[in-house]
Amino acid sequence: MASAKFLEGFSGGLADEWIKTLFTPAFVFWLGGGLAALQRHGWDAAVAEFQKLQEPLPLMLGILVLLTVAASGFVVQQFDFTVLRLLEGYWPEWLNPLTNRLVQGQRRRFKRLDQQLQALNRQGLTTLTPQEREAYIQADLDLGEFPELGRLLPTRLGNMLRAAEDHCAVKYGLDAIICWPRLWLLLPEATKTELSQARQHLNG
């Protein structure tokens, strides 16, 4: 009776952990790999082998899968910052030729959007068609993603984040890198939670 209650309680806790694990990128990765393997080797054979397992082997298998997913997710999280820096465009010096080429591409995109915006401006905003007005709004939004041309990075993500940093300096005269850790302490809890969730989505 005691062992049955233990297994019941353990299974309940395992189910809770499964629910938490279901919403992680690591689970999606392993699920995709597992489905691909099953598609290649056949579902029927896998189901037949699983049905042959005697208690408590299915439970142990579930624990093993859960631990594997959690461990892989933990390992990947250790590289979140490094991967994010690479996605932003902070690359090593030996990649400078590629960096410079992509930065030139970002500069051309900025000039193209700016010319489009100026051309629509010259037409007069009140005379624009709905399609032209939509193009004007989109160009204006896209231009807001760029920092100063002298501070361009090779990737769109990097430019968006740098533009947000520069906005604080231009509008308020504050260096976001220096001031943000101090401003964070003054934020309401609800705002901190929302920003933390946004950062988690970015890292994910």
Side-chain angles (χ1 to χ4, degrees), residues 8-35 62-63 65-91 102-103 106 109-110 113-114 116-117 125 130 133-204:
E8 182 180 354
F10 188 79
S11 299
L14 184 63
D16 292 339
E17 291 302 318
W18 263 111
I19 293 173
K20 295 177 184 177
T21 306
L22 283 175
F23 299 100
T24 62
F27 178 80
V28 175
F29 171 80
W30 285 107
L31 177 63
L35 291 176
I63 296 173
V65 171
L66 179 63
L67 290 175
T68 301
V69 173
S72 62
F74 175 78
V75 171
V76 171
Q77 284 177 357
Q78 308 313 303
F79 298 96
D80 274 354
F81 180 74
T82 301
V83 172
L84 182 59
R85 295 287 288 179
L86 291 175
L87 291 175
E88 289 180 40
Y90 295 100
W91 299 340
L102 292 177
V103 166
Q106 294 289 339
R109 179 169 178 262
F110 175 89
L113 289 168
D114 186 58
Q116 179 184 1
L117 191 71
L125 298 182
R133 191 175 297 112
E134 183 177 345
Y136 178 90
I137 294 172
Q138 188 60 53
D140 188 47
L141 290 173
D142 290 342
L143 284 171
E145 297 177 356
F146 286 88
E148 295 180 3
L149 292 185
R151 285 173 47 78
L152 284 174
L153 289 168
T155 69
R156 185 175 180 180
L157 174 62
N159 286 325
M160 290 173 63
L161 295 177
R162 180 165 280 186
E165 295 171 2
D166 288 353
H167 179 75
C168 294
V170 172
K171 189 168 185 179
Y172 304 107
L174 299 175
D175 188 321
I177 303 300
I178 296 175
C179 296
W180 179 245
R182 296 162 177 81
L183 292 175
W184 175 262
L185 300 175
L186 304 176
L187 294 176
E189 287 302 321
T191 304
K192 287 183 179 180
T193 300
E194 185 176 349
L195 291 173
S196 297
Q197 291 174 347
R199 179 61 189 234
Q200 288 174 1
H201 287 309
L202 177 63
N203 291 344

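Here, residue 1 is the first one in the sequence, and each next residue gets the next number.
Taking each heavy atom of Glu145 and Ala163 in turn, the nearest pair found is O-CB, 3.6 Å. When all heavy atoms of Asp166 and Pro147 are compared, the pair lying nearest together is OD2-CB, 3.3 Å. The two residues Leu87 and Leu157 have their closest heavy-atom pair at CB-CD2, 3.9 Å.
Counting only heavy atoms from C-beta outward, the side chains of Leu113 and Phe146 approach each other to under 4.5 Å. Between Leu102 and Thr155 the shortest side-chain heavy-atom distance does not fall below 4.5 Å.
With hydrogens and angles disregarded, a donor-acceptor distance shorter than 3.5 Å links the side chain of Arg162 to the backbone of Arg151.
Scored by the side chain to side chain contact (heavy atoms under 4.5 Å, CB included) test, Thr191 finds Leu187, Pro188, Leu195 as partners (sequence neighbours excluded).
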Just list the side-chain donor-acceptor pairs under 3.5 Å for residues 135-143, sequence neighbours left out, or say none.
| unit_1 | atom_1 | unit_2 | atom_2 | d |
| --- | --- | --- | --- | --- |
| Gln138 | NE2 | Asp142 | OD1 | 3.0 |

